[in-house]
Peer 1: 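To start, I am sharing the structure in question, which I have written as structure tokens.
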2 protein chains.
Amino acid sequence: MENKTYTIKEVAEKTNLTIPTIRYYETEGVLPPVERSESGNRVFTDSDIGWLDLICCLRGTGMPIKKIKQFVQWCLEGDDTIDDRIEMLIEHGKTVDEQLEVLSNYKAAIEWKINYHREMKMQIDARRNAVRLMEQQDLKS
Amino acid sequence: MENKTYTIKEVAEKTNLTIPTIRYYETEGVLPPVERSESGNRVFTDSDIGWLDLICCLRGTGMPIKKIKQFVQWCLEGDDTIDDRIEMLIEHGKTVDEQLEVLSNYKAAIEWKINYHREMKMQIDARRNAVRLMEQQDLKS
DNA sequence: TCTTGACATAAAGTGCACTTTAGGTTATAA
DNA sequence: TTATAACCTAAAGTGCACTTTATGTCAAGA
């Protein structure tokens, strides 16, 4: 289960990234260099998929590519960068907390809007029914 | 408190948008046309600020400008669009729920990473201390 | 009266994160 | 053996949401 390798297509399916995006991440240095077969094709390992999962996590929480690259480079540089890495993660975690708060406030505002519109709709329907009833009255007379 | 008017600068401060962004929203038709003074300057009301708050809420939850424009246009068209508006808000609300879930999963992953790195740091420090102690031993001998 | 600051417009520019295109190599299957 | 599919690179293109620039008007204070 550990030494399995994957083609770029398989990795794309596993990570929900497109093939060009994965290549782009590697050429940008966000994804560390991937092993190659004799013919030059990328041969991905579970470790590479791990890096991509990390990249997705950081991207999905709004971290720019450049900063992710910085973090990954620190990881590759080794022990001396451990404090920098921890600090970056903690700082980033705080921004994610902020995003969560902002987002749930917006969510509440949207719910409020929905209810407001629903009440509006009730009134509109009531008015239409009233008009319809009046028209029926007119027909009868 | 209701008939107060504002300059574009004041609105920018109130909404945390830049002046060009507010103008951009109006020219794009996302913000309904704002009243003008005799000299052609925009004169904002609380209602305009309300629109901008809505726009910020929808933008901040990932709705593209075009769709916001659609929603605002529906609002201006009146009663007949009430069902469309409610449907859009409900659908959008669902995507916000998804965003919240994804984001809190990512947040958990980051916390996990932080702890992982902290444990790593403990080991690195322990190893460094061990080396330091051994060097002191060497000096004594 | 003149200058300063806040406003205006139209059009071009920017930054980011990909995506698309064009052209080429390699391995398997009919 | 030839065609097809999966991979490759380098470079140009795209889409979105603004932002910047260039140029001009207008009202108020020195």
Side-chain angles (χ1 to χ4, degrees), chain A residues 5-45 48-49 51-72 92 95 99 102 106, chain B residues 5-45 48-49 51-72 92 95 99 102 106:
Chain A
T5 63
Y6 311 88
T7 66
I8 197 167
K9 196 184 181 187
E10 289 167 332
V11 174
E13 278 157 11
K14 267 184 188 290
T15 58
N16 289 316
L17 295 166
T18 69
I19 292 173
T21 298
I22 295 167
R23 290 204 269 248
Y24 163 74
Y25 284 161
E26 195 194 359
T27 55
E28 289 295 293
V30 180
L31 173 65
V34 176
E35 288 291 308
R36 300 302 181 109
S37 70
E38 270 190 48
S39 55
N41 290 12
R42 288 175 184 81
V43 178
F44 292 84
T45 65
D48 295 316
I49 293 174
W51 284 115
L52 286 171
D53 287 343
L54 171 67
I55 293 164
C56 287
C57 172
L58 296 178
R59 276 296 302 127
T61 48
M63 188 182 283
I65 290 292
K66 274 197 181 176
K67 218 171 174 186
I68 300 174
K69 181 176 174 177
Q70 170 77 282
F71 183 82
V72 171
H92 187 61
T95 76
Q99 289 175 52
V102 170
Y106 281 150
Chain B
T5 62
Y6 310 89
T7 67
I8 197 167
K9 195 183 182 189
E10 290 168 331
V11 174
E13 279 157 10
K14 267 184 187 290
T15 58
N16 290 316
L17 295 166
T18 68
I19 292 173
T21 298
I22 294 167
R23 290 205 268 248
Y24 163 73
Y25 284 161
E26 194 193 0
T27 55
E28 289 295 293
V30 179
L31 173 65
V34 176
E35 287 292 306
R36 302 301 182 110
S37 69
E38 268 189 50
S39 55
N41 290 13
R42 287 174 185 82
V43 178
F44 292 84
T45 64
D48 295 315
I49 292 174
W51 283 116
L52 286 171
D53 287 342
L54 171 68
I55 293 165
C56 287
C57 172
L58 297 178
R59 277 296 301 128
T61 49
M63 187 182 284
I65 289 291
K66 274 198 183 177
K67 218 171 173 187
I68 300 175
K69 181 176 173 176
Q70 169 77 283
F71 183 81
V72 172
H92 187 61
T95 76
Q99 290 175 53
V102 169
Y106 282 149

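Reminder, nothing fancy here: chain letters follow the sequence lines and each chain counts from 1.
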Peer 1: Round to a whole Å and report the spacing from OH of B/Y24 to P of D/dT19.
Peer 2: 10 Å
Peer 1: C/dT19, D/dT19, D/dA17: which one has an atom nearest the side-chain heavy atoms of A/P20?
Peer 2: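 In terms of side-chain proximity for A/P20, the closest of C/dT19, D/dT19, D/dA17 is C/dT19.
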Peer 1: Rounded to the Å, how far apart are A/N16 CG and C/dC18 C1'?
Peer 2: 16 Å
Peer 1: Please determine if a side-chain N or O atom of B/Y25 lies less than 4.0 Å away from the OP1 or OP2 oxygen of D/dA17.
Peer 2: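 Answer no for this pair, as no side-chain N or O of B/Y25 is under 4.0 Å from OP1 or OP2.
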Peer 1: Which of these, B/L54, B/V72, B/L17, B/I22, sits in a side-chain contact (heavy atoms from CB on, under 4.5 Å) with B/L31?
Peer 2: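 Passing option: B/I22.
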Peer 1: Set out, in order, the CA-CA distance, both residues' side-chain angles and the distance that settles side chain to side chain contact (heavy atoms under 4.5 Å, CB included) for A/Y106 and B/Q99, then state yes or no.
Peer 2: CA-CA 12 Å; A/Y106 281 150; B/Q99 290 175 53; over 6 Å; no
Peer 1: Could you check how far CD of A/E38 sits from P of D/dC8, rounded to whole Å?
Peer 2: 16 Å
Peer 1: How close or far is atom C1' of C/dC16 from atom CD1 of A/I68, stated in whole angstroms?
Peer 2: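 Distance, rounded to whole Å: 12 Å.
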Peer 1: Side-chain N or O of B/T18 less than 4.0 angstrom from OP1 or OP2 on D/dT19?
Peer 2: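 Yes, because at least one side-chain N or O of B/T18 sits under 4.0 Å from OP1 or OP2 of D/dT19.
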Peer 1: How about A/E10: does its CD atom have over 12 heavy atoms from other parts shown lying under 6.0 Å from it?
Peer 2: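 Yes, the 6.0 Å shell around CD holds more than 12 heavy atoms from other groups.
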Peer 1: What integer distance in Å separates A/E28:CD from C/dT19:C1'?
Peer 2: 13 Å
Peer 1: What's the CD-C1' distance between A/E35 and D/dC7, to the nearest Å?
Peer 2: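 It is 17 Å, rounded to the nearest whole Å.
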Peer 1: Can you measure B/I55 atom CD1 to D/dA17 atom P for me and round it to whole angstrom units?
Peer 2: 13 Å
Peer 1: Taking all atoms of both residues into account, what is the closest heavy-atom pair of B/K67 and B/M63, and its distance?
Peer 2: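 Smallest heavy-atom distance, with atoms named: CB-CG, 3.6 Å.
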Peer 1: Considering all heavy atoms of both residues, which atom of B/V43 and which atom of B/D48 are nearest to each other, and what is their separation?
Peer 2: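 The pair with the smallest heavy-atom distance is O-OD2, 4.0 Å.
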Peer 1: Tell me whether A/E26 contacts the main-chain N or O of A/V34 through its side chain, where contact means a donor paired with an acceptor under 3.5 Å.
Peer 2: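 Pair found, side chain donor or acceptor close to backbone of A/V34.
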Peer 1: With the sugar-phosphate defined as primed atoms, P, OP1 and OP2, and the base as all remaining atoms, what B/S/- string results for nucleotides 6-15 of chain C, 5' to 3', for protein heavy atoms under 4.0 Å?
Peer 2: SSSB------
Peer 1: Figure out the CD1/P separation between A/I22 and D/dC7, and round it to whole Å.
Peer 2: 10 Å
Peer 1: For the CZ atom of B/R42 and the CZ atom of B/R36, what is their distance to the nearest 0.5 Å?
Peer 2: 4.0 Å
Peer 1: Please classify the nucleic acid contact of B/S37 as base, sugar-phosphate, or nothing, using heavy-atom distances under 4.0 Å.
Peer 2: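 No contact.
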